[in-house]
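Right, one structure below, let's go through it.
Letters A, B, ... are given to chains in the order of the sequence lines, protein chains preceding strands, and every chain is numbered from 1.
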Amino acid sequence: MTETDLVAISPLIFVIALAMLIIVADIIWPDRDDISTGLTVAGLLVGAGLTVLVAQSEAREIFAGAYVVDPLTSFLDVLFLAIALVTVLVAPDYLRPRGLPMAEFTATLLFAISGAMLISGSRDLLVLFLGLELLVLPGYMLAGYAKRDGYSTEGAIKYFLLGSFSSAIFLFGLALTWGFTGTTRIREVAASLAQLDTASALAPALLMGLALLTTGVAFKIAAVPFHYWTPDAYQGSPTPVTGYLSVGPKVAAFALILRLFVEALAPIKADWTPVVIVLAAITMTLGNLVALTQDNVKRMLAYSSIAHTGYIMVGLAAYAGAPVGSEAERAGLEGLLFYSVAYAFMNLGAFAIVSALQHRRGVTSQIETFAGLGRRAPWAAILMTLFLLSLTGIPPTAGFFAKAYVVLAAVQAGGWVSVLAVIAVLNAAAAAFYYLRVVVFMFMRDPPETARPVLTGTMMRAGLAITAVMTIFIGLVPPVTSGVIEFARVAAEVLLVRTAGG
Amino acid sequence: MSGSLQSYLILSALLFAIGTFGFLARRNAIAMLMSIELMLNAVNLSIVAFGAFIPALRGDAAIIALMVMAVAAAEATVGLAIVIAIYRNSRTPLVDEYDRMRQ
């Protein structure tokens, strides 16, 4: 361990130190929500600055090649910090009326984010696994954060049981891959797999390892048919937590896919591509079909997030299905990264509105809560419409460009992947039904007699402003769009150069 | 040392399968937690077996096995805390009775 190693990894250390600082501050000044929230917001901004600062220097491997700070790491780290920031801004309005403390919430959230950041730059199988566990364990706690609420604990136990089940499956896959290739370093795993005779069938142990890894990862991103925990975990969790769970762990799991499948397992791409294509197709379709029948907005958004997993997987499939070294390979990864950014902001925004409506205790997330919102709280209704239109993929929002990117990449890749493009477009049309149903409730139904005004705090407004501005700007303002695309391209190229170099 | 790497791997796969079956078949949250522990320990057995039979993997195997044990302990802690929390709310450890959200 040298000084440069520590400097390169400083954003990660900073986030962990911040979480500990918040716990200490809570011991000194108990029950001061303002202190812990203020510290977190300031700390996350400093952390993002630090990440950008570290990204300025050359990409380098640290800790003897176990971790790397390259554009992909920086891209994902900034996104994770932004997700944490929005979650922290949105949370107080929901947690305070229910008597839930902020300090533990922010500390747990920051530990989870540090796990995500550990995944984003991981170049070692063991570090990947540790990052994954550091990401999901605080996630289980957050899901059960309202511990006196039956729904929250019920969601938490389902999330926990299925989550640790999938972790065990994933770990067995890692162990077999490690035993077969004889190394934990991702670079050496790729080199060892590249030497395999491509024509011969894979050894049974490696094939089993690959199947177990795929299953484990499919659980984590909530791909159909490994999605059963998602609706209950999302509906039961406190709403700001649901917002976080639907983007944070999902994007982190895709980061894991990029590091593990795209980097380490690239030489045996042909063996996992068909699985990705099939999973993407059924994930999109089933997620959307089931979402059509939901009356609870949180549950509806849970199924919609499953569908969005499918769209992101189309980007992965475009990479996997494209010939090695082709333009479509890069376009697929770029689409995956761009979609992750757009999805993070629009989905967090939609959940932020649900949180804002649930500011008063006892307000449910049933669709009736949204009735007449256009008259009761025009701004909330307009923003919700924006996020829902973006989730549908209507231009000129971020969601449209994200969908366009992955679909174009899929067309470019050709073969069976171009069938996915057709399925994705058909699905986007079907999805419009259930997203617009909420809009119809907001603007064309009368508010219930019992409806009371919607209250929003300053922090909630800031969180909504960030998500709304990003949702519009990523789609509409060329400098922002091209900035994100450029960053995504650089990040994608890092992966491709390395896999081509062996 | 008796046996071969293969026999240890088969044993660990069998243990893993028993754990998986237990997870899918049992309805008690604590029993499901125990099944997950069994799965993790099966993985650990395969890791240690790799280390014992392949000299190049010996050092790595010890470290990975220790890490997996630490992670398993952390997971059990979080899991038991959640089981206690839900037991206080619904007075049962049986997971098929946690069905408030199924419509």
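B:S46 and A:F172 get closest at one heavy-atom pair: OG-CE1, 3.7 Å. Heavy-atom minimum distance, A:A175 versus B:I47: CB-CG1, 3.8 Å. Shortest non-hydrogen contact noted between B:L33 and A:L161 is N-CD2, 4.5 Å. Residues B:F16 and A:A168 approach most closely at CE1-O, 3.7 Å, considering heavy atoms. Contact detail for B:A74 and A:L137: the closest heavy-atom pair is CB-CD1, 3.7 Å.
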Task: Verdict with supporting geometry, B:M39 and A:I169, side chain to side chain contact (heavy atoms under 4.5 Å, CB included) - done: CA-CA 8 Å; B:M39 291 167 75; A:I169 294 176; 4.1 Å; yes
Open item on the list: Under the criterion side chain to side chain contact (heavy atoms under 4.5 Å, CB included), I'd like the reasoning laid out for B:R100 against A:Y151: C-alpha separation, chi angles, the key distance, then a yes or no.
Closed with: CA-CA 7 Å; B:R100 281 202 218 188; A:Y151 288 104; 3.7 Å; yes
- [ ] Show the numbers, then the answer: is there a side chain to side chain contact (heavy atoms under 4.5 Å, CB included) between A:F129 and B:I64?
- [x] CA-CA 10 Å; A:F129 178 68; B:I64 298 175; over 6 Å; no
TODO: Kindly indicate, with the supporting measurements, whether the criterion side chain to side chain contact (heavy atoms under 4.5 Å, CB included) is fulfilled by A:D232 and B:Y98.
DONE: CA-CA 10 Å; A:D232 284 351; B:Y98 303 154; over 6 Å; no
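Interface summary for chain A: among B:A81, B:S90, B:A61, the most heavy-atom pairs under 4.5 angstrom belong to B:A61. For the options B:V78, B:V68, B:V43, B:L5, heavy-atom pairs under 4.5 Å to chain A are most numerous at B:V43. The choice from B:T77, B:L40, B:V71 that makes the most heavy-atom pairs within less than 4.5 Å of chain A is B:V71. When each of B:E75, B:M67, B:M32 is checked for heavy-atom pairs under 4.5 Å with chain A, B:E75 comes out on top. Considering only heavy-atom pairs separated by less than 4.5 Å from chain A, the leading option among B:I36, B:I54, B:N44 is B:I36.
The local environment of CZ in A:R437 is crowded, with over 12 non-hydrogen atoms from other residues, nucleotides or ligands closer than 6.0 Å. For B:R27, the CZ atom sits in a packed shell: over 12 heavy atoms of surrounding residues, nucleotides or ligands are nearer than 6.0 Å.
The line from CD of A:E154 to CG of B:N89 is 10.0 Å long, rounded to the nearest 0.5 Å. Atom NZ of A:K158 sits about 13.5 Å away from atom CD1 of B:I82, to the nearest 0.5 Å. Remark: B:L57 CG to A:T183 OG1 distance equals 9.0 Å, nearest 0.5 Å.
Of the two parts of B:V95, only the side chain, counted from C-beta on, holds a non-hydrogen atom closer than 4.5 Å to a non-hydrogen atom of chain A. Using a 4.5 Å cut-off between heavy atoms, A:S152 makes no contact with chain B at all.
Two residues are said to be in side-chain contact when any heavy atoms from C-beta on lie closer than 4.5 Å; A:T153 and B:Y87 fail this criterion.
Relative orientation of the B:F23 and A:F165 rings is parallel, given thresholds of 30° and 60° on the angle between their planes.
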